[in-house]
Student: 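Once you've had a glance at the structure underneath, I'll fire off some questions.
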Amino acid sequence: MENQPEKAASPLVFAVNQQRFELSTVDPSTTLLHFLRHHTPFKSAKLGCGEGGCGACVVLLSKYDPVLDKVEDFTVSSCLTLLCSIHGCSVTTSEGLGNSKDGFHSIHQRFAGFYASQCGFCTPGMCVSLCSALVNAEKTNRPEPSPGFSKLTVSEAEKAISGNLCRCTGYRPIADACKSFASDVDMEDLGINAFWQKGCGEEDKSSKLPPYDPNNGPCLFPEFLKKEISSVPFVESQGCSWFNPVSIEDLNRLLGCDESNNISNTKLVVGNTEVGYYKEFEHVDRYINLKYIPELSVIRMDSTGIEIGATVTIAKAIEALKNNNHETSSVGELVFNKLADHMEKIASSFVRNIASIGGNLLMAQRKQFPSDIATILLAAGSMISILTGSNEEVIMLDEFLKRPPLGPKCVLLSVKIPNWDSVRDIYPNDTTVLFNTFRPSPRPLGNALPYLNAAFLAVISPCKSSNGILLNSCHLSFGAYGTKHAIRARKVEEFLAGKVMDYNVIFEAVSLIAATIVPEKGTSSPSYRTSLAVGFLFEFLSSLVDGNVTIKSDCLNGCKNTFTTLPDRFTSNHDLFGYKNTATLLSSGKQTLELNSEYHPVGDTVTKSGAAIQASGEAIYVDDIPSPTNCLYGAFIYSRKPLARVNGLTFSPEYQPKGVIAVISTKDIPVGGHNVGARTMFGDEVLFADKLTESVGQPLAFVVADTQKHADTAADFAVVDYDIDGLEAPILSVESALERSSFFEVPAFLYPEQVGDISKGMTEADHHIKAAQIKLGSQYYFYMETQTALAIPDEDNCMVVYSSSQWPANAHSVIAKCLGVPAHNIRVITRRVGGGFGGKAIKSMAVATACALAAHKLRRPVRIYLNRKTDMIMMGGRHPMKITYNVGFKSNGKITALDLEILVDAGMSCDISPVMPHNIVNALKKYDWGALSFDIKVCKTNHTSKSAMRAPGEVQGSFIAEAVIEHVASTLCMDVDTIRKVNLHTFDSLSRFFKDVGEPQEYTLPSIWDRLATSSNLKQRTEMLNEFNSCNRWKKRGLSRIPITHEVLLRPTPGKVSILTDASVVVEVGGIELGQGLWTKVRQMVAYALSSIECDETGNLLEKVRVVQSDTVSLIQGGCTAGSTTSESSCEAVRLCCNILVERLQPLKKRLEEKTGSVKWDVLISQANMESVNLSVNSMYIPGFVSMRYLNYGVAVSEVEINLLTGETSVLRSDIIYDCGQSLNPAVDLGQVEGAFVQGIGFYMSEEYLTNPDGLVITDSTWTYKIPTIDTIPKQFNVEILNSGRHKNHILSSKASGESPLLLAASVHCATRAAIKEARKQICTWKRRDESGYALQLEVPATMPVVKELCGLDSVESYLKWINELRTTAS
């Protein structure tokens, strides 16, 4: 290639945490994250999704601009950023901010002190996101803040982590940690923390925070890098090259240097964010980096508009649009600002910082990407410059999108956005422009694709001949609704042009839009998307009706929402009951705790163990363990068929996999071994399908390669020879399972008992509801750390396996059985787990076993880290079910009988599914049903095997109970809160439904029910809500209060406490640290129990205690960490150990006291070692028959607001009171309550775990599966941890907190149902229809399309018909 630009001799140079790296050879496809994790000691950046959708991999990139002589600092998603693109840059990870050796950064300290880290996997990315916001706030011209604070605002602090996902905390404590840095923070608004106690003054609070000094932080850009700026590297590896052209001419030579060259193997890159969405494996020979070409990075502003170069990042474009040179409040400025505001909701900041404007538009043009940028720029009348060879052309964006996909040699140069100030050159002086954009999505702040996007620009002026507004012309653009590209609705534009706005015109316009915006076949929720287009156009045009003759300035800044204005009497009282009108995401939160010092330090709000090193990224997870020499990597080849014979597998002829070492299957199981991949009390489950696969996602084989990327790629290109001849059709529904009697047996001892006489109860009833149905879907765990394991062969046919597991003991036995070796040859180690929620109890066993089998076969270490898609397809999740019920009830709402038929979809294998009937019924029994009868069948289907997920069965059972209550209330036209109260248990009725209910004073639910009504101002808020609903047409609110009664079970748990020679204490327990604070509570219990020796200086024993990783050889019979009670049972196990130690030490202490008068702890232990006292005790806690189970109680009230035009639900406020007994650590339990509640909001409101007709999961990424984010949690979140006094049969009177609060999230769903009812009442008025007694069935999850459909997809048309009829009648 003789015309190719000369290769620069200089290597790739960059810095990581101030360390210089120089690379002459590197694979251009290497990501920054891969390099950090495999070639540096810095492991804080984690792989959570590989899509830029979770924030776990976020790092800070610092780049020097020699022209301006300044350093830019911004976050990037390191899983997308290519290493070769960071030449001359400095990378800072969370370890680089601070660490245990050099001292933690105040960010780390505050995250720890505000209890903002649970499993900790997401925490380093959160810390870096916050650091970036702090650094950039310091560069502003804002006033200097008070010492210890930054220039950051509260709003900016919260938005800093809006793109970061967390599955554990519920975000509230994270928001507090971030807000603590803000200059405008209200210290009273900061929640519970380790820095100050209740009653501390504001100045004292400020002084107690870990100090923040922006001038004394880490060096983010070392001086030595400034010398590297002038060099432009060229790198090459194994025939793949990375080019950095510095001009358009260079680029043209690269693209046209050889006509025979396969240009399709060339990739033009800027931010590489495309691979987060389009994951197809493409072979690339040449990467051409466009960032060094000045012509493509230009930003020009003049009187005609703004020209933005194709390689300008979205973040830079936003900055340019906001900092335009227009006069304040001019039309041009307001259009640009609106574009910028919309762009800030695209993706997340760490993606916008590297994604380019041109790349986004090219994805829209070439690959039909649902681009927001294309839609909004289309409405603004933008133009595109394209270069093909030496031929440059400028075309309208509309034409650009309509053209066939641009060829690989075409280069997009820039986009030009016109200045709309010039509108007055065409139209009269009283003309202005109305501009607004829309993007309804599951997350208000972005990080989610919209169901549709739209942008409308209208040139308007007062009508000379009437009291109205004339629409002279308009641009109406729509995109992302299931169309190839964004479009202009030309027919509607033509219809509206020149018309004076009134409701008749609007009705015609929305009718035309409904006929125009029609999603393509196969698009989800097509009618919903069309209704969105109708709603937005209606909202936009309605601001021009109702006598708005004077075009006010607020019309310029978007549509004036005249139909949601509150009356003064409502607004004046708006703050009275907690509705603070602030710009922050969270209005406020209040935590109420009652501390108990009786068992000090048990009962204290001790900071979570390891929180600081989790924040700094030094905490070690399985995938952080350095790969041993000769380590190989595995990936599962899984079935794509629900039921088929497997005749064999190979690899695609078009793709010969690189680096593949072996494909492990059943044939590789050693003699004496078994095809076993999991074990429960119900039996063993296979590791690989042997000749017959019974579900999509079932493992068929395990491909082993030299890198994880090669293993994953090979698994994706595996070709399986399936045969379905002669097989029955697969069972893919519970109805089919019922027809074919395909069930798993439920042992008699697990099947719950009926309560009362169902026939008698039905006879006593005044009313009956018959054969009502509910369907509940599944939910994916979405632990931030996917399934992972590392198996290392050891001497003498032994194997050490590191597993992210909730049940290492069972993984140990399964691996031994699979390999056919004695159990003493196997050792399973688990230090911590990056989120489990039940998904790493059973499902992790197959992952660890497959690694061990491959390592055993190949005699080399083998590890795996499942990619997010594979994890989502294989791991199963929560049990779907179908419920049919009959209920009898009195006229006063008292239910006398409930009869249920429940079909539970267990999937292809048993797992823990036989416990589901027990769990469902136990949660159902929170109400007094009079008589309760049920027939629950656990169905065997050809779906992936379902497993335990946080509150398995209980979350569904509790919801079923609420659905029945709601149905009864609707039938009787009574207030649902009244129906709930009349059916709450008395202590006597509770004793009929449950076996072990404790003492009467332990039944706290009725008092909590009343207490929450008072603390949440329920009565006053209900009145306010009714007034709001009467005054607002397009937004409605709902309020709901629900109780829970949740039975938990304690299991035998081992513990081991050893006192070392220096008097420090090392502890092992059967429980695994999942983020639930188990280690913290155990440390507190050890310190308390050992302090009973009453030595001098035992007050600081807590700091001497360390809990170490689970090792199945060191501590056996570990059991499963599940069911919420492992923390307390582990605490009791170590207390038993400590009691024995104290007993052994007492005689020695007594002798020493006789000599010296007092004895220090370290002196006592030193002497004990001298006298060979056994200072290590292993014990097993076995709960007694009475103490092995107990009931948890809680109540929640939630208030929501729904948007009738979009179906969006905002959780305005949630109040919770949860009975924790005497909490072992109220701060830890608070975190469990909040985190579980928010995870429940996900299940009930947003998380769609969908499959195709064969059962293959299709919501398999962060793009399609939406867990809650900081912008979707309650805006006001108040939690009280109730200290309910002594419970003599509990461990130090404590109660569990891990799962029960998740059930309370149904209050959000029920409140949404209430709001929808209000909306339907209004729509019935418009349609002149009566719905009294109508029982509203709201699906789970209640997503935006679901809510909107129940509110009426035709609500706008109905309203317009109604209002036009009224006006016709009035005239």
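On a predicted model such as this, the values are computed, not experimentally measured, just so you know.
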Student: Can you name the residues that form a side chain to side chain contact (heavy atoms under 4.5 Å, CB included) with Pro519, not counting sequence neighbours?
Tutor: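 By the side chain to side chain contact (heavy atoms under 4.5 Å, CB included) rule, Pro519 matches Tyr481, Thr523, Pro526, Arg529, Thr530.
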
Student: So, do Thr693 and Tyr722 sit near enough that their side-chain heavy atoms are less than 4.5 Å apart?
Tutor: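 Yes; the side chains approach each other to less than 4.5 Å.
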
Student: Please check if atom NZ in Lys869 has more than 12 non-hydrogen atoms from other residues, nucleotides or ligands closer than 6.0 Å.
Tutor: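 Open.
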
Student: For Tyr638 and Phe636: C-alpha separation, side-chain torsions, deciding distance, then whether ring pair (Phe, Tyr, Trp, His ring centres under 6.0 Å) applies.
Tutor: CA-CA 6 Å; Tyr638 54 82; Phe636 283 102; 8.8 Å; no

Student: Yes or no on side chain to side chain contact (heavy atoms under 4.5 Å, CB included) for Cys818 and Val676, after CA distance, side-chain angles and deciding distance?
Tutor: CA-CA 6 Å; Cys818 179; Val676 56; 4.0 Å; yes

Student: Looking at Lys926 and Glu962, is any side-chain nitrogen of the basic one under 4.0 Å from a carboxylate oxygen of the acidic one?
Tutor: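 Yes, this pair counts.
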
Student: Can you tell me which residue among Arg1189, Glu1047, His1046 is in a side chain to side chain donor-acceptor pair (under 3.5 Å) with Asn922?
Tutor: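 For Asn922, the side chain to side chain donor-acceptor pair (under 3.5 Å) check succeeds only for Glu1047.
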
Student: Flag the pair Leu900 / Leu924 as yes when at least one side-chain heavy-atom distance between them is below 4.5 Å, and no otherwise.
Tutor: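 Leu900 reaches Leu924 side chain to side chain.
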
Student: Side chains of Ser1261 and Lys279: any donor to acceptor distance under 3.5 Å?
Tutor: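 The answer is no; no qualifying pair exists.
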
Student: Starting from the C-alpha separation in whole Å, work towards a yes-or-no answer on ring pair (Phe, Tyr, Trp, His ring centres under 6.0 Å) for Tyr1249 and Tyr1265.
Tutor: CA-CA 7 Å; Tyr1249 201 22; Tyr1265 192 86; 5.7 Å; yes

Student: Between Met875 and Leu866, is there a side-chain heavy-atom distance shorter than 4.5 Å?
Tutor: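 The answer is yes; the side chains approach within 4.5 Å.
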
Student: Would you call Asp905 and Lys882 a salt bridge, taking side-chain N to carboxylate O under 4.0 Å as the test?
Tutor: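 Between Lys882 and Asp905 there is no salt bridge, as every charged N stays at least 4.0 Å from the carboxylate O atoms.
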
Student: May I ask you to decide if the ring planes of Phe994 and His985 are parallel, tilted or perpendicular, using 30° and 60° as cut-offs?
Tutor: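 Aromatic pair Phe994/His985 classed perpendicular.
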
Student: Walk me through whether Tyr1244 and Phe959 qualify under ring pair (Phe, Tyr, Trp, His ring centres under 6.0 Å).
Tutor: CA-CA 9 Å; Tyr1244 289 119; Phe959 176 80; 5.7 Å; yes

